[in-house]
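Everything below concerns the one structure shown next.
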Amino acid sequence: HALPIRTDRSNLDPDYARRNAVRLRIMPLVEEHFPGAERALMRACEAAEEELAWTEPILAGWLDEATIEDDAGRLELNAERLGGLHPGALHRLLLTALEQARGDLSELGREHIERVAELLGDGRTGATVELPGRVRVRREYGRLIFEPEALEEELPSEQVELPVPGVATLPARGVTVCADAEMAPSGLDEHAPLMAWIDADAARGGLVLRNARPGDRFVPLGMTGSKKLQDFFVDEKVPRRLRDHAAVVTDGDDRIVWVVGHRIADPARAQCHARAVRLMVLRSAGDSGGAEEDVPCDATQS
């Protein structure tokens, strides 16, 4: 349009900005040794833009199909849907997911994306990748979860007597259990997550409600040998972040008779029409011990 131009003198100073150094020093040197290099780089950029124009909508569709939850900076993806993607497509999809979770891609490099992709390959539940911008990505069974990195406070150790009849609570874990002495009914449901029937003799020395501890073992219902509580949680697919909220009921010798919300111990199981103690969850910390419930308990009504 034959318009006059004005030159910003700072553009002529190669020490003023990196882009000036590239334009005034590096590119002339590259062009001298590789004539046409500047035009070739421009064509490569244009080709990349063309590829992005038609592949980005496809990747966006794949991301939508793989999304299980997207809420408040927390993104959950179906790991199985991602597992079969070509590495190049997977890396781009993970970039899109990270941008969606973080709001930008600053400070992220290819090495970060590759570490996230490795979570899909090894399949280790609980494996975590910490990323710049206080975001972490973790594998949790069939899910790949992008979430803000929160500073989790370590829960205190808790232990309280559980009278029969009576009620006990672990305040920090939000778990309340009540106990009643009753005759075990016929058609005893031994797998109800919020209720457990134990033999009256198992409570003879008193019952205690406490948090799960490292090294805890018990004999799960239906087994003859003891099992580490940690291994039980892994087999039951209890998420790692929720295991610190777990509660157990023990007898007077600190033997676990019930992993609250999960399984009773086989030696403590009640027999139909025999004296028993009914244990029931009144309130639980969500995923750590079953769904939150408010259940009537004779001990609370007396």
Side-chain angles (χ1 to χ4, degrees), residues 1-79 81-121 128-139 144-151:
H1 295 281
L3 297 176
I5 62 172
R6 175 171 294 175
T7 299
D8 184 339
R9 285 180 296 178
S10 67
N11 288 340
L12 304 179
D13 182 0
D15 297 321
Y16 181 78
R18 288 184 179 180
R19 63 177 180 274
N20 288 359
V22 172
R23 183 172 60 246
L24 300 176
R25 290 177 176 165
I26 297 176
M27 287 309 301
L29 187 62
V30 171
E31 191 70 25
E32 177 184 346
H33 292 276
F34 303 96
E38 189 171 350
R39 289 195 302 274
L41 287 172
M42 182 60 68
R43 288 195 299 270
C45 291
E46 291 172 350
E49 288 181 347
E50 291 172 355
E51 289 294 314
L52 290 172
W54 73 271
T55 55
E56 281 189 339
I58 296 175
L59 288 170
W62 290 346
L63 181 58
D64 286 342
E65 292 176 3
T67 298
I68 299 172
E69 179 182 334
D70 181 9
D71 181 49
R74 190 174 188 273
L75 179 64
E76 291 191 15
L77 303 182
N78 186 314
R81 283 186 174 271
L82 302 180
L85 293 178
H86 183 279
L90 176 61
H91 289 174
R92 284 184 55 192
L93 188 146
L94 292 176
L95 270 174
T96 304
L98 282 167
E99 185 173 23
Q100 189 169 318
R102 294 173 83 244
D104 61 62
L105 295 173
S106 60
E107 301 182 57
L108 289 181
R110 183 176 178 85
E111 68 277 8
H112 297 117
I113 306 304
E114 290 175 345
R115 287 173 56 203
V116 173
E118 288 173 359
L119 295 178
L120 297 169
T128 302
V129 173
E130 309 289 344
L131 297 173
R134 299 194 63 79
V135 170
R136 67 181 178 185
V137 184
R138 57 187 173 86
R139 176 71 182 268
L144 196 65
I145 302 174
F146 301 72
E147 60 190 355
E149 181 183 344
L151 296 177

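Fair warning: this is a prediction, and the values are worked out from it, not measured in the lab.
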Q: Compare all side-chain heavy atoms of R138 with those of L119 and state whether any distance is below 4.5 angstrom.
A: no

Q: Report the C-alpha separation of R115 and E111 in whole Å, then their side-chain angles, then the decisive distance to 0.1 Å, and conclude whether the salt bridge (charged side-chain N to carboxylate O under 4.0 Å, His left out) test is met.
A: CA-CA 6 Å; R115 287 173 56 203; E111 68 277 8; over 6 Å; no

Q. Does any N or O in the side chain of R102 come within less than 3.5 Å of the main-chain N or O of P132, such that one atom is a donor and the other an acceptor?
A. yes

(Q) Would you say that I113 contacts L98 through its side chain, given a criterion of any heavy-atom pair below 4.5 Å between the two side chains? (A) yes

Q.
Using 0.5 Å steps for rounding, measure from the CG atom of L41 to the CD atom of E46.
A. 11.5 Å

Exercise answer: donor-acceptor pairs, residues 50-58 side-chain atoms, under 3.5 Å, sequence neighbours excluded:
| from | atom 1 | to | atom 2 | distance (Å) |
| --- | --- | --- | --- | --- |
| E51 | OE1 | W54 | NE1 | 3.4 |
| T55 | OG1 | E51 | O | 2.6 |
| T55 | OG1 | R92 | NH1 | 2.9 |
| T55 | OG1 | R92 | NH2 | 2.9 |

Q) Has the side chain of R136 got a donor or acceptor atom that lies under 3.5 Å from a matching backbone atom of V129? A) no

Q. Roughly how far apart are W62 CH2 and L93 CG, rounded to 0.5 Å?
A. 8.5 Å

(Q) Please find the pair of heavy atoms, one from V30 and one from A37, that lie closest to each other, and give the distance. (A) CG1-CB, 3.7 Å

Q | Closest non-hydrogen atom pair between D104 and S106, with its separation | A | OD1-OG, 2.8 Å

**Q.** Flag side-chain contact, heavy atom, 4.5 Å: R43 against R39
**A.** yes

Q | Spacing of CG belonging to L144 relative to CG belonging to L77, to within rounding of 0.5 Å | A | 6.0 Å

Q: For residues F146 and A97, report the shortest heavy-atom separation together with the two atoms involved.
A: CZ-CB, 3.9 Å

Q: Check step by step if side chain to side chain contact (heavy atoms under 4.5 Å, CB included) holds for L63 and Q100.
A: CA-CA 11 Å; L63 181 58; Q100 189 169 318; 3.5 Å; yes

Q | Residues, nucleotides or ligands: over 12 heavy atoms within 6.0 Å of E114 CD | A | yes

Q. Do the side chain of H112 and the main chain of G109 share a donor and acceptor less than 3.5 angstrom apart?
A. yes

Q) Please, which pairs that meet side chain to side chain donor-acceptor pair (under 3.5 Å) have at least one residue in residues 25-34, sequence neighbours excluded? A) D15-R25

**Q.** Point-to-point distance, once rounded to the nearest 0.5 Å, from CG of L24 to OH of Y16
**A.** 13.5 Å

Q.
Between I5 and L3, is there a side-chain heavy-atom distance shorter than 4.5 Å?
A. no

Q) Can you tell me if N11 uses its side chain to pair, donor with acceptor, with the backbone of N20 under 3.5 Å? A) no

Q) Can you tell which of L75, I145, L131 makes a side chain to side chain contact (heavy atoms under 4.5 Å, CB included) with V137? A) L131

Q.
So, taking the atom named CD1 in I68 and the one named CG in N78, what distance separates them when rounded to the nearest 0.5 Å?
A. 5.0 Å

(Q) Please report the interatomic distance CD(E99) to CG(L94), rounded to the nearest 0.5 Å. (A) 13.0 Å

